[in-house]
Each structure stands twice: as C-alpha cells, then as structure tokens.
Colleague: 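A single structure is presented below for examination.
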Amino acid sequence: MIDFEGVKQKANLLDLVGGLKKVASTGGGEYAGSCPFCGGIDRFRVQTGQNIWLCRHCTGGVWRDVTDFVARRDNKSLAEAAYSLGADRDQKRDFRFTATPSFTGGCKTKLDQVQKRGCKTAYSPPGQEWQQKATEAVKICKANLHSDENVKALNYLHRRGLKDKTIERFGLGYSPGFEYDGLWIPHGVTIPAAINGVLWYVKVRTNKSNPKYTLVKGSKPAALYNGDDLLKTKSCLIVEGEFNCMVAWQETQLIDDVVSIASMGAAGNRPDLATWGPYFITKDLILALFDDDQAGDNGAVTLHQTLGDLVKFTALPPSKDMNDYLLAGGDVLSWLANELNFHKDSWEVNFAEQSTKGA
C-alpha cells in the first residue's frame with residue numbers, strides 16, 4: 001500500500017513549480033502565476049500550508065495535491081508519481097500480478113495472455129437456479145417501489161438525486177424483507193446488477209448505518225456494474241459504488257457516445273481479467289474516481305496495477321463521492337468533460353457539438 005500522505009509531506013510543491021509570486025497569506029501562503037499545463041495567466045495557485053494547487057481551467061478550481069501535480073506533469077499514474085517522489089516500492093501489496101500487465105493484440109490474444117500468466121478460473125456468476133429466483137424477486141421489488149405504501153423508499157432515491165428514468169434504467173426496487181422460493185431478500189432498497197443478460201448480484205441499501213449495504217445470499221459482487229455500457233465507447237469512468245455510477249451515468253448522457261460509466265461495486269473488488277478483460281481492452285483511456293479515503297486509495301491503485309497505464313486517477317472538488325458532489329450542486333457533466341479534455345484535447349470540439357444533443 002502506498003503511503004500517499006507521507007509522500008505529500010516529503011515533496012515541496014512550490015519548489016516543483018517555480019516562478020510563482022506570493023499573492024496572499026491564506027493557507028500558509030498563497031502563490032499565483034501561469035499554469036504549467038494550459039499556460040493560462042494568473043489562473044494557477046499554490047497554497048504552501050497544505051501543499052496543494054489548483055488551476056481554474058485544468059482542475060475547474062479544485063485543489064489537488066503534489067502527487068497529482070507530478071502525475072499530470074509527467075503523464076504518469078498516481079502510483080508512478082508517488083514512487084518518483086520517494087514512495088517505498090517494497091511495501092507489501094496484495095495484487096493478482098506482481099507487475100502491471102502489458103497486453104498486446106486483440107481480445108482473444110489478451111485473454112490468452114491472462115491464462116498463460118496463471119490466472120485462476122474466471123470469476124463466474126451465480127448458478128441458474130439462483131438467477132431465476134433472484135430475477136423474480138427483483139421484479140417484485142420494482143413493483144413494490146412504485147406502490148403507494150412504499151413512497152418513502154422512492155422519495156429516498158429522489159433525495160439522493162436520482163431521477164425516475166435512472167431508477168427505471170437500473171431496475172431499483174424496494175424489499176420490506178421477504179422470502180421468495182427460499183431466497184431471503186433483506187429489508188431496503190434493492191440494487192440488481194445484470195451484465196450481458198446475466199444477474200450477478202443483488203445489493204440492498206438498508207435503513208441502518210451498520211451495515212449500510214448487504215447482499216442477497218448467493219450474490220457474486222465482484223462484477224462490473226453497468227458493464228454493458230463499456231462496450232460502446234473508447235473511454236470510460238470507473239467509480240466506487242453503484243449510487244455513484246448511477247449518478248454519473250444520469251448526469252453525463254449528453255456525452256454517452258464518448259465516455260461510459262461503470263463500477264466494481266466496492267473499492268475492494270478487483271476486476272478479474274479473465275472475466276472482465278473484454279470490457280476494457282478496447283479502451284484508450286480509463287479514468288478512476290474512488291472515494292477520498294484509504295479504501296478508495298487502495299482500490300484506485302489496485303485498478304491501475306490490474307489494467308495498466310491507461311488508468312488515470314481523477315478527483316472531485318471537496319466531496320466524499322460523486323453522489324455528494326451532485327447533491328452539493330456540482331456540475332457532473334462539466335467536471336467530466338474537463339477531465340476528458342485534459343487527457344484528450346482533440347475532444348473539445350466534440351463536446352461543443354454534443355451541447356445540442358437531445359435538445
């Protein structure tokens with residue numbers, strides 16, 4: 001595990017940038033100057049107290065740390081930037097591969113390489129009997145959600161920023177806590193994960209703080225939530241958690257032919273290449289947005305170690321996650337467009353053209 005906090009304390013951001021002038025005493029001293037990335041005059045800021053920086057264009061005014069600066073400057077992943085700033089490479093890791101996979105060729109070639117590297121049997125969905133029972137239970141839960149007596153559950157989803165179209169698109173439902181043909185569906189909002197016509201898991205958002213989420217027994221949760229969408233585009237955004245995925249999908253439909261959204265469900269879930277490799281091998285950019293905590297950091301690094309240098313880490317303005325950002329009034333579409341344009345400047349025209357899509 002990389003000690004990102006330790007790296008931030010070692011490297012002095014002001015020394016790395018250079019040529020800035022002090023403009024305020026806030027944040028332990030704030031410095032301004034031209035942005036080393038976009039060249040914009042007086043839009044770049046560094047606060048020495050917290051060793052952070054922003055650019056009103058490149059980061060949309062969002063403060064970021066020294067590791068992110070080096071990653072952007074040198075076109076490296078966050079992990080590689082941390083190593084270049086002195087992170088210990090000998091710390092223990094629990095990754096499937098000891099080195100970043102380097103795949104070549106088409107889909108079949110890559111999957112063959114996975115097998116040659118000694119991967120275990122591909123991660124597989126629950127059995128047919130479970131899927132039949134769970135599918136029927138999910139239908140019952142969908143009907144429950146829109147019944148008069150369960151209006152509180154639907155209101156909860158609306159309060160989380162989800163629109164009716166999104167709720168329907170992702171098949172959300174409500175369980176009062178019931179048994180269907182021997183399969184127990186816990187009380188709460190049901191979140192089914194179906195990929196390529198196969199139901200992999202049913203997660204339940206409970207009305208408790210511990211646990212917030214539980215799974216219907218027999219679920220296989222290390223699945224690529226909304227994975228079917230990844231087959232449509234050359235670029236994708238991988239987020240942590242189903243609600244973040246639904247929000248990002250909902251708010252970025254104007255550019256859904258440019259970027260797709262998916263999630264591994266939880267930060268600790270790793271994409272099994274033998275199963276999910278075909279969903280990633282056509283990508284030329286994989287943005288990774290995980291929660292701002294240790295689990296999120298670990299999940300992001302694991303994704304990079306598994307999928308390689310096409311994974312680029314990104315961050316939101318001060319918010320715990322995508323859902324919080326939306327509820328705080330954040331413009332998810334503009335944020336994602338800005339992130340994509342940072343890596344793919346040629347797409348700026350495409351985004352301008354997309355502004356009339358669906359009008």
Side-chain angles (χ1 to χ4, degrees), residues 1-91 285 287-305 309 311-322 324-325 328 330 334-345:
M1 181 177 66
I2 298 175
D3 181 11
F4 286 101
E5 289 303 319
V7 170
K8 295 172 188 176
Q9 295 173 11
K10 290 180 182 178
N12 188 320
L13 183 55
L14 198 60
D15 291 341
L16 294 175
V17 181
L20 303 181
K21 294 182 179 180
K22 188 172 183 178
V23 293
S25 297
T26 57
E30 184 166 318
Y31 293 75
S34 300
C35 177
F37 304 118
C38 68
I41 299 174
D42 196 35
R43 62 173 55 161
F44 188 85
R45 294 286 191 277
V46 169
Q47 286 191 354
T48 56
Q50 298 184 62
N51 208 26
I52 54 179
W53 66 280
L54 66 75
C55 171
R56 290 196 299 273
H57 172 73
C58 296
T59 73
V62 180
W63 291 100
R64 298 194 171 176
D65 63 32
V66 62
T67 312
D68 186 89
F69 177 85
V70 172
R72 287 175 179 250
R73 184 194 67 185
D74 300 339
N75 193 29
K76 294 180 176 181
S77 70
L78 195 59
E80 290 171 324
Y83 292 142
S84 72
L85 291 171
D88 184 3
R89 286 184 176 271
D90 296 326
Q91 294 182 45
L285 174 64
L287 289 175
L289 176 67
F290 285 73
D291 289 356
D292 186 17
D293 53 28
Q294 191 61 58
D297 287 347
N298 293 343
V301 171
T302 298
L303 188 70
H304 175 265
Q305 289 288 335
D309 291 339
V311 176
K312 303 298 180 184
F313 298 163
T314 185
L316 287 166
S319 297
K320 183 179 179 182
D321 56 28
M322 178 68 76
D324 291 337
Y325 181 57
S334 294
W335 169 82
L336 183 54
N338 182 66
E339 291 298 305
L340 290 169
N341 281 332
F342 176 80
H343 296 282
K344 295 281 187 179
D345 290 338

Colleague: Only counting residues at least two apart or in another chain, list the ones meeting side chain to side chain donor-acceptor pair (under 3.5 Å) with Arg45.
Modeller: Glu30, Asp42
Colleague: What pairs with Ser34 under side chain to side chain donor-acceptor pair (under 3.5 Å), at least two apart in sequence or on another chain?
Modeller: none
Colleague: Can you find a heavy atom in the side chain of Trp53 that is under 4.5 Å from one in the side chain of Val17?
Modeller: no
Colleague: I need the minimum non-hydrogen distance between Val311 and Ala288, along with the two atoms involved.
Modeller: CG1-CB, 3.9 Å
Colleague: Where do Gly29 and Lys22 come nearest, in terms of heavy atoms and distance?
Modeller: CA-CE, 4.2 Å
Colleague: Please list, chain by chain and in numerical order, all residues satisfying ring pair (Phe, Tyr, Trp, His ring centres under 6.0 Å) with Tyr31, sequence neighbours excluded.
Modeller: none
Colleague: Would you name the heavy atoms of Cys55 and Phe44 that are closest together and state the gap between them?
Modeller: CB-CD1, 4.2 Å
Colleague: Once you round to the nearest 0.5 Å, how far does CD of Gln47 lie from CG of Leu54?
Modeller: 7.5 Å
Colleague: Could you tell me the separation between the CG atom of Asp68 and the CD1 atom of Ile52, rounded to the nearest 0.5 Å?
Modeller: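 Rounded to the nearest 0.5 Å, the CG-CD1 separation comes to 11.5 Å.
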Colleague: Give the intermediate values and the outcome of side chain to side chain contact (heavy atoms under 4.5 Å, CB included) for residues Phe290 and Leu303.
Modeller: CA-CA 10 Å; Phe290 285 73; Leu303 188 70; 4.0 Å; yes
Colleague: Closest heavy-atom contact between Glu339 and Leu287?
Modeller: CB-CD1, 4.1 Å
Colleague: Is any side-chain heavy atom of Trp335 closer than 4.5 Å to a side-chain heavy atom of Leu289?
Modeller: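 With C-beta onward as the side chain, the pair touches.
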Colleague: Less than 4.5 Å apart, any side-chain heavy atom of Thr314 and any of Leu336?
Modeller: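 No, their side chains stay 4.5 Å or more apart.
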Colleague: Any idea which heavy atoms bring Thr48 and Leu14 closest together, and the distance?
Modeller: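 Smallest heavy-atom distance, with atoms named: CG2-CD2, 3.8 Å.
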Colleague: Of all the heavy-atom pairs spanning Val66 and Ala11, show the shortest one and how long it is.
Modeller: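 What the structure gives for the nearest pair is CG2-CB, 3.9 Å.
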